[in-house]
Number of protein chains: 4
Amino acid sequence: MTGSVAPGRPRSESARVAVLHAVDDLLVEVGYSAMTMKGIAERAGVGRMTVYRWWPTKAHILVEACAEDARGELAVTAHADPVRTLTDFLAGLAAFLTASPAGAAYRALLGEAQHDPEVGRLVADADLLGAPARVVLDHVRSRLGAVPEDRFAVAELCGPLALSVMTGAPAPARPALRAMARRLATAWA
Amino acid sequence: MTGSVAPGRPRSESARVAVLHAVDDLLVEVGYSAMTMKGIAERAGVGRMTVYRWWPTKAHILVEACAEDARGELAVTAHADPVRTLTDFLAGLAAFLTASPAGAAYRALLGEAQHDPEVGRLVADADLLGAPARVVLDHVRSRLGAVPEDRFAVAELCGPLALSVMTGAPAPARPALRAMARRLATAWA
Amino acid sequence: MTGSVAPGRPRSESARVAVLHAVDDLLVEVGYSAMTMKGIAERAGVGRMTVYRWWPTKAHILVEACAEDARGELAVTAHADPVRTLTDFLAGLAAFLTASPAGAAYRALLGEAQHDPEVGRLVADADLLGAPARVVLDHVRSRLGAVPEDRFAVAELCGPLALSVMTGAPAPARPALRAMARRLATAWA
Amino acid sequence: MTGSVAPGRPRSESARVAVLHAVDDLLVEVGYSAMTMKGIAERAGVGRMTVYRWWPTKAHILVEACAEDARGELAVTAHADPVRTLTDFLAGLAAFLTASPAGAAYRALLGEAQHDPEVGRLVADADLLGAPARVVLDHVRSRLGAVPEDRFAVAELCGPLALSVMTGAPAPARPALRAMARRLATAWA
DNA sequence: GCTTAAGCGAGACGGTACGTCTGGTCTTACT
DNA sequence: AGTAAGACCAGACGTACCGTCTCGCTTAAGC
């Protein structure tokens with residue numbers, strides 16, 4: 001019988017969600033580098049200690065705030081034709097990276113990961129792109145014979161779009177994405 | 001022929017190179033986020049105003065400091081076999097991204113570009129990966145019939161490795177890179 | 001007769017004395033300004049609310065903790081010779097102000113009284129020096145003809161030593177105290 | 001030849017006096033304990049680092065701010081009659097301690113000295129009461145034969161009023177001060 | 001023996017000052 | 001006019017304590 005209950009006042013759920021929403025809002029309003037722990041606390045109407053008590057850096061808050069959204073936006077319905085499945089995923093990924101608040105958070109996090117190894121581990125553990133990508137890969141693997149192992153397949157599936165967007169290119173149009181998916185299917189046939 | 005010479009004391013070349021060296025050193029020693037304008041000036045033995053006079057942010061210094069090295073490290077000698085050419089390029093790229101100081105600078109800049117649109121433009125203009133990649137693409141295009149247009153081809157060539165390294169994965173070994181090159185050659189055949 | 005008894009759990013005597021002891025200890029260990037309500041509660045093994053419920057500030061706790069000791073340490077046995085009585089009192093006062101924990105508490109309170117008028121009232125009401133001094137004055141008044149009224153006599157008796165100690169001087173030796181007592185007796189003869 | 005000049009921008013005199021005035025104002029407006037380094041900087045229209053660069057604590061600022069005023073207010077013109085000289089000094093001291101901003105600063109500092117030994121040393125070194133008192137003592141010593149050595153004489157001269165005021169009593173009226181001066185003259189005759 | 005009500009410990013809460021740091025700007029004298 | 005030095009104002013950093021609150025538990029008096 002575990003039964004033991006933490007003593008003292010329990011954590012405030014309302015403070016938690018206020019912080020997560022504040023981070024969401026501030027990221028799009030002022031950008032990642034202008035988003036400060038102080039600003040988050042004030043925007044959320046929360047004490048600064050309350051923020052520091054539960055999250056060590058703004059990156060940690062951002063991961064928690066966007067993880068759920070990210071997984072939802074990258075989910076895809078499978079089709080018999082692997083090219084269509086891949087195209088759908090690429091279209092979702094392009095929209096995510098270029099137009100979604102959660103995608104902006106992801107890019108900010110991936111950027112911060114290049115500056116701070118601890119954020120790097122955080123992002124690697126969250127595996128925000130890899131998890132949805134693996135769902136797609138599991139499906140196309142039954143139709144294509146030479147899909148490489150996950151770590152390469154995820155990179156080949158998501159890397160071109162990710163690098164493209166991160167270097168400032170606009171999201172490719174659907175026909176270009178379909179051509180990209182076809183090349184992948186050819187390579188993995 | 002302007003002939004006119006700026007009046008007053010000319011810009012100090014020694015201060016310029018001292019700053020560029022200081023940035024190189026500090027990036028590997030303390031990392032991008034711990035590298036401050038103040039620290040750069042002190043390390044270079046230079047006044048802070050001198051740094052601000054010539055570069056608006058540390059990102060600008062970093063671009064100037066690493067651009068040349070970056071291009072050099074990604075040059076590749078062409079072979080008759082496109083797979084070998086691609087493999088060599090991928091190996092160079094993997095080494096650049098994971099082991100080279102210039103590569104660390106590139107990752108830091110690409111990261112900062114996600115936080116600051118002006119740095120984004122700077123990185124896009126410098127086109128550090130794209131330029132060497134296009135040299136390779138121009139060569140393999142004579143042996144492969146379906147290499148897509150540059151903006152997609154560069155992304156498909158560099159994106160998988162870039163995303164992989166940026167999410168914390170180690171550099172793939174040579175056989176895996178050769179397999180990756182073969183898949184590209186298949187897709188672009 | 002009210003006879004009515006408060007319902008509910010009665011105040012915990014053990015918590016009360018634990019707090020008073022904690023304050024005594026902390027004053028000598030860390031000093032007045034480093035002594036916090038939080039620290040007092042933790043040292044006493046008591047909840048912070050329990051402290052705030054019964055005392056509004058640390059000054060109030062300190063008064064309660066030291067008042068009794070203070071009065072005891074300043075009591076003096078009367079002699080036929082008023083100079084000897086005054087000398088004994090001054091010696092006790094000097095020891096109290098420089099060497100006694102209760103004296104340290106008194107000085108801290110008198111100091112705090114200069115910052116916070118409410119503490120000033122508290123200290124004035126407790127009258128920690130005045131009460132023992134008046135006992136001495138009542139005695140010497142029967143041997144000396146011109147002891148001024150209490151409020152001046154207490155100040156002239158205690159003030160020199162108090163100011164001296166509060167400005168950092170060490171306690172005078174017994175002969176100097178005897179000389180001081182003689183001068184008082186002369187002035188008040 | 002000393003001739004050497006400190007390099008860099010010289011200290012701003014305007015910032016210095018702004019801080020000193022801010023401290024003067026804040027002490028009377030909000031009191032010592034509510035006077036914060038942050039508040040001083042804001043009131044002075046000065047950066048917080050500028051305050052910390054030149055003064056480690058608010059006590060240090062206060063000493064610098066009130067030292068000059070204090071000496072001026074406690075100066076006294078000597079008379080042939082030592083009782084009159086002493087009475088004048090006591091009247092000045094009473095006004096200083098109860099009505100002057102500089103006197104309020106002195107009381108606050110003496111209070112803080114009881115909490116913080118470093119402030120104690122600061123106040124002891126400044127010797128704000130002792131210096132003016134010694135001027136008076138030097139004068140009356142030529143008319144009175146038994147003025148004790150300085151450290152006791154200063155305490156006997158200033159201590160009664162100081163303790164009286166610090167324990168909350170109002171300033172005595174002139175006749176009471178004259179009586180006090182007469183007692184001192186008798187004791188020191 | 002059950003109810004009632006207040007005290008108790010723990011610890012999270014919003015708030016704010018602390019002292020430090022960096023950012024960018026400025027003001028010197030020197031080169 | 002460019003430079004090294006360093007002071008300037010501004011404001012975020014992460015920590016500490018403030019005084020309050022919200023829990024579940026304890027302790028007695030009174031029904």
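Computed over heavy atoms, backbone and side chain alike; hydrogens, waters and symmetry mates excluded. Residue numbers start from 1 in every chain, and the chains themselves are labelled A, B, ... in the order their sequence lines are given, proteins ahead of strands.
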Below 4.0 Å: OP1/OP2 of F:dC8 and any side-chain N or O of D:W54 | yes
Are any of D:T50's side-chain N or O atoms less than 4.0 Å away from OP1 or OP2 of F:dC9?
-> yes
Difference in axis direction between the ends of the helix from E:dG1-F:dC31 to E:dT31-F:dA1, five pairs, 10° = 10°
Atom pair NZ (A:K58) and CG (A:L109), whose distance is rounded to the nearest 0.5 Å | 10.5 Å
Short question: side chain of D:H21, backbone of D:V17 - any donor-acceptor pair under 3.5 Å?
-> yes
Distance in angstrom units between B:E13 CD and F:dG2 P, rounded | 15 Å
To the nearest 0.5 Å, what is the distance between OG1 (B:T57) and CG (B:D116)?
-> 7.0 Å
Starting from the 5' end of DNA chain E, give me the residue, B:M37 or C:M49, whose nearest nucleotide shows up first.
-> C:M49
Do C:R11's NZ or CZ and the ring of C:W54 fall within the cation-pi criteria of under 6.0 Å and 45°?
-> yes
NZ/NE/NH1/NH2 to OD/OE distance under 4.0 Å, A:R48 and A:E42 | no
Go through the structure and list residues passing side-chain hydrogen bond (donor to acceptor under 3.5 Å, both in side chains) with A:Q114, not counting sequence neighbours.
-> B:R107
Nucleotides 24-31 of chain F: which of its N/O atoms have a protein N/O under 3.5 Å away?
residue, atom, partner, partner atom, Å
F:dT26, O2, C:R9, NH1, 2.9

Of C:R11 and D:K38, the one whose closest nucleotide on DNA chain E sits nearer the 5' end is C:R11
Does the base of F:dG2 carry an N or O that pairs as donor and acceptor with the side chain of B:R53 under 3.5 Å?
-> no
Any N or O donor-acceptor pair linking the side chain of B:R48 to the base of F:dG6 at under 3.5 Å?
-> no
Check ion pair B:R121-B:E118 (N to O, under 4.0 angstrom) | no
Base, sugar-phosphate, or nothing for D:G39, non-hydrogen atoms under 4.0 angstrom?
-> nothing
Between the side chain of C:H115 and the main-chain N/O of D:A108, is any donor-acceptor distance below 3.5 Å?
-> yes
